[in-house]
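Letters go in sequence order (proteins before strands), and every chain restarts at 1.
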Amino acid sequence: MVETNPNLYSNSFNIEGGNFNSAGIVSTNIKSILKKLGIPNDIVRKAAIVSYEAEINVVSYAKKAIVNLTVNPGVVQIEVIDDGPGIPNIDLAMQEGYSTADQRIREMGFGAGMGLCNIKNYSDDFHITSEVGKGTHLKMTIQTP
Amino acid sequence: MKLREVKDILEAEVIVGDDILDLEVKTAFGADLMSDVLAFAKAGSLLLTGLTNTQVIRTANVLDIAAIILVRGKNPSSETITLARELKIPILTTKYILFETAGRLYAKGIVGCLQKVENTSGRN
């Protein structure tokens, strides 16, 4: 892997949907990896925030997801690919305050329709694609100095 | 001010972090909505909240929150305490309500990590 991988660093993580206790493990992991790689604290923080909000979404809506973290000079990229129900109207989902969250998600302090907005605001570049019945694909890019 | 003084002002009980009460804090953010905490709270701030689940610790961890102050006399679950110990995030609990907690800290010089939001669509 190491010889064929052109990235400075890359790793993949699995998120188990529905497991609310595990939400945040992957972002905690990503945070410590990026710190060890010597990425500046404010960049690490942004990467941890976007991956955490994405994790909350996966745990809330999907069965599982894969998270791909890649680090290259000047850029940290986080991709989250889930097998959830998909988002019928992305423009609506991106509106602050729009949410389809149930009581369980709200009790944890989420589900107020801010997750995707937070992800977008903390990313330098954000792409979302989704197919109903198949899943959602998020791609977050954060620039490093 | 030191976390030790925060503890005294709020007559708080230290649940996690007895050994890190010399930590210096200047700012705070208070909310029960973790998405708002993620949107607005700054690194090194105190987090005042009434939520006690593990997601409060995860949120504090990703944001580099200095310490969590549980208000209204809330006590965290054992899972929350275990995670806070693992991630070295202090938890204090006070019987004061959120408003009183914020007011008492503000009166002694702790300020909000931001005063007001500029515009909610491009707040980062």
Open item on the list: Salt bridge or not between B:K42 and A:D42? Use side-chain N to carboxylate O under 4.0 Å.
Closed with: no
Task: Options B:L51, B:I57, B:T59, ranked by heavy-atom pairs under 4.5 Å with chain A, top entry - done: B:T59
Open item on the list: Quick check on the interface: out of B:L83, B:T54, B:L63, who has the most heavy-atom pairs with chain A under 4.5 Å?
Closed with: B:L63
Out of curiosity, [X] [atom1] to [Y] [atom2], how far, rounded to the nearest 0.5 Å?
X	Y	atom1	atom2	result
A:Y52	B:M34	OH	CE	8.0 Å
B:D64	A:R45	CG	CZ	6.5 Å
A:L116	B:S35	CG	OG	10.0 Å

Are [Y] and [X] connected in a single hydrophobic cluster, I mean Ile/Leu/Val/Met/Phe/Trp/Tyr linked by side-chain heavy atoms less than 4.5 Å apart?
X	Y	value
B:V37	B:I110	no
A:I105	A:Y98	no
A:L138	A:L69	yes
B:I68	B:L48	no
B:I65	B:L98	no

Open item on the list: I'd like to know whether CD of B:Q115 has more than 12 heavy-atom contacts from other residues, nucleotides or ligands below 6.0 angstrom.
Closed with: no
Heavy-atom pair of closest approach, residues [X] and [Y]:
X	Y	result
A:A48	B:V62	CB-CB, 3.7 Å
B:F40	A:Y122	N-OH, 4.3 Å
B:L33	A:G109	CD1-O, 3.3 Å

Open item on the list: Within the structure provided, determine whether B:D36 and A:M114 are in side-chain contact (heavy-atom separation under 4.5 Å).
Closed with: yes
Task: side-chain hydrogen bond (donor to acceptor under 3.5 Å, both in side chains) between A:T28 and B:R58, intermediate numbers included - done: CA-CA 7 Å; A:T28 300; B:R58 294 285 180 196; 2.9 Å; yes
Open item on the list: Does any backbone or side-chain atom of A:E107 lie under 4.5 Å from a heavy atom of chain B? Answer side chain, backbone, both or neither.
Closed with: backbone
Open item on the list: With a 4.5 angstrom heavy-atom cut-off, is it the side chain or the backbone of A:I56 that approaches chain B, or both, or neither?
Closed with: side chain
Open item on the list: What part of B:T49 gets within 4.5 angstrom of chain A, counting heavy atoms only: side chain, backbone, both, or neither?
Closed with: neither
Task: Side chain, backbone, both or neither of B:L87 within contact of chain A (heavy atoms, under 4.5 Å) - done: side chain
Task: Test log, rule side chain to side chain contact (heavy atoms under 4.5 Å, CB included), inputs B:L38 and A:E53 - done: CA-CA 9 Å; B:L38 287 163; A:E53 284 279 17; 3.3 Å; yes
